[in-house]
Amino acid sequence: MRRRVAVVVILSLATVLAVAAPASAISAFGPPATVIASPCSFIFADGDAALGPDGLTRGFATYNGPGCPFQIWYFQGSGSSWTRQLSPYRGVVLGVAVDGADTYLLYAASDGVRITKRTRAGFTPGRRLSPVGLGGATVPTGDVIAIGGTWWAVWDEPVGPGGEFAQHELFQAKTYGTDRSRQRITFDPRWDTAATLARRSGGGAVLAWERNDGARGEVSDLRIATSVNGAWSSRAFATLGNLNTQPDLFTTGTTTFIAWIRDGRAVEADNGSGVFKSHTFATAASFRPRVASSFGKVFVIWTTPGGRTFAAERSGSVWTGTYLSDPGRTGLAVTARRGKATVLMLSRLRLFARTQV
């Protein structure tokens, strides 16, 4: 659902527009609610979440450190009420999708990229999609969607020699439509990484990702693609500036929303008007842009260079925004229901949520 950014909580062309109203104009958020108390003094933590049809936000989070080696925790809840459970899975969370009562997890394990799900009956064994996982020089990125008991996953892997400098390309596997096992889907001399996936109106999927110069880190563009059943049609999406990175997709109805970072600023674009129009925020962005929409409102979160979570909301054509956390508390995910956002954030002590009231 992405360039991998280690959330360690020591956090190390559209017209640019400031948030259009004072921070107090954004709908108020309630107090923090603990989702997961940190199980150890971790050196790495990450995760993802999605909204279920029952109104619960569900997700998985990775903790890695002394006493919690690559533990993956399941959580669900809303408002001030959250539950959590240590899963049998070990690895790094890449993407999460919710389909009815089932919560799907794409993750990088020691033996490769794997997909599994948690059902009402509990955790399922899942299956391995790729032999390339945590044992390599780099950690894969990826995302997953789930529809009607089927799933579709996209991730990146190295395709040649070079260790941590090896070129990366995108791969897919799915049970949606025609079953496909591991299949390479990009073939460009540049690196293709940081895939984000969303459902497509009328069937199929929408995919966005970075196409960059790899370890040099000087140029990165975004591409967007659509597919009905596994054959992708793509085009350049964001090419202005030097670094367009860390895209995140969300779809509702016929509208596609995408958030990303361009040269240190968060950007949101959507085609609700029939064509993509973008908005670049004035508040600086370091990583983890995420986007969601509900009841005509659009919500974007990102983490600033100071390690604070910033949230922006568009109602009509007006954007408002506010900081949701102190430094060292980074944004992880955003979901939205009935025009209200829930934002998940991570500190050294806990994964916590704040929900608009």
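Numbers for residues simply follow the sequence, beginning at 1.
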Student: Who pairs with S78 by side-chain contact (heavy atoms from CB on, under 4.5 Å), at least two apart in sequence or on another chain?
Tutor: L56
Student: Between N244 (side chain) and L222 (backbone), is there a donor-acceptor pair under 3.5 Å?
Tutor: no
Student: Could you check whether Y107 and F60 have their ring centres less than 6.0 Å apart?
Tutor: no
Student: Is V206 close to I258 at the side-chain level, that is, under 4.5 Å between some pair of heavy atoms?
Tutor: no
Student: Return the minimal non-hydrogen interatomic distance between L106 and G142, and the atom names on each side.
Tutor: CD2-C, 3.9 Å
Student: Within the structure provided, determine whether W319 and E268 are in side-chain contact (heavy-atom separation under 4.5 Å).
Tutor: yes
Student: Do we see a donor-acceptor contact under 3.5 Å between the side chains of S286 and T303?
Tutor: no
Student: H168 and side chain to side chain donor-acceptor pair (under 3.5 Å): which partner among T141, T193, T138, D192?
Tutor: T138
Student: Do we get R84 above F75's six-membered ring, with its NZ or CZ under 6.0 Å from the centre and within 45° of the axis?
Tutor: no
Student: Quick one: SG on C68 to CZ on R90, what's the gap to the nearest 0.5 Å?
Tutor: 9.5 Å
Student: Would you call the rings of Y63 and F42 parallel, tilted or perpendicular if under 30° counts as parallel and over 60° as perpendicular?
Tutor: perpendicular
Student: For the backbone of L105 and the side chain of R114, can you confirm whether one donor and one acceptor N or O come within less than 3.5 Å of each other?
Tutor: no
Student: Using a distance-only test with no angle check, is there a side-chain donor-acceptor pair under 3.5 angstrom linking T255 and D270?
Tutor: no
Student: In the structure I gave you, are the side-chain heavy atoms of R127 and I115 within less than 4.5 Å of one another anywhere?
Tutor: yes
Student: Given side chains that start at C-beta, do those of T283 and Y323 come closer than 4.5 Å, heavy atoms only?
Tutor: yes
Student: Would you say Q246 and W302 are linked by a side-chain donor-acceptor pair, where the criterion is simply a distance under 3.5 Å?
Tutor: no
Student: What I want to check is whether the side chains of T280 and R265 have a donor and an acceptor closer together than 3.5 Å.
Tutor: no
Student: Is there side-chain contact between L197 and L249, with heavy atoms separated by less than 4.5 Å?
Tutor: no
Student: Do the side chains of R288 and L332 get nearer than 4.5 Å, heavy atoms only?
Tutor: yes
Student: Whether the side chain of S220 engages the backbone of T245 through a donor-acceptor N/O pair (distance < 3.5 Å, no angle test) should be reported.
Tutor: no
Student: Heavy atoms only: give me the nearest A205-R200 pair and the separation to one decimal.
Tutor: N-CB, 3.5 Å
Student: Taking the side chain as every heavy atom from C-beta outward, state whether R58 and R118 have any atom pair closer than 4.5 Å.
Tutor: no
Student: Is it true that the side chains of T57 and T335 contain a donor and an acceptor less than 3.5 Å apart?
Tutor: yes
Student: Given V154 and D143, is the side-chain contact (heavy atoms from CB on, under 4.5 Å) satisfied, shown in steps?
Tutor: CA-CA 6 Å; V154 176; D143 205 0; 5.9 Å; no
Student: What's the spacing between R180 CZ and Q172 CD if we round to 0.5 Å?
Tutor: 5.5 Å
Student: Under the ring pair (Phe, Tyr, Trp, His ring centres under 6.0 Å) rule, collect the residues that match up with W260, sequence neighbours excluded.
Tutor: F237
Student: Taking atom types as modelled, find out whether E169 and T186 have a side-chain donor-acceptor pair closer than 3.5 angstrom.
Tutor: yes
Student: Do you know the tightest heavy-atom contact between A97 and A146?
Tutor: CB-N, 3.7 Å
Student: Given side chains that start at C-beta, do those of F70 and S110 come closer than 4.5 Å, heavy atoms only?
Tutor: no
Student: Evaluate W82 against W73 for ring pair (Phe, Tyr, Trp, His ring centres under 6.0 Å), listing each step before the verdict.
Tutor: CA-CA 13 Å; W82 295 83; W73 287 73; over 10 Å; no
Student: Measure from the side-chain N and O atoms of S181 to the backbone N and O of A173, and report whether any donor-acceptor pair falls under 3.5 Å.
Tutor: no
Student: When you measure from the side chain of K340 to the backbone of V357, do you find a donor-acceptor pair of N or O atoms at a distance under 3.5 Å?
Tutor: yes
Student: Would S130 and F171 count as a side-chain contact (heavy atoms from CB on, under 4.5 Å) if you check the C-alpha gap in whole Å, the side-chain angles of each, and the deciding distance to 0.1 Å?
Tutor: CA-CA 9 Å; S130 166; F171 289 72; over 6 Å; no
Student: Please identify each residue that fulfils salt bridge (charged side-chain N to carboxylate O under 4.0 Å, His left out) with R120, with sequence neighbours left out.
Tutor: none
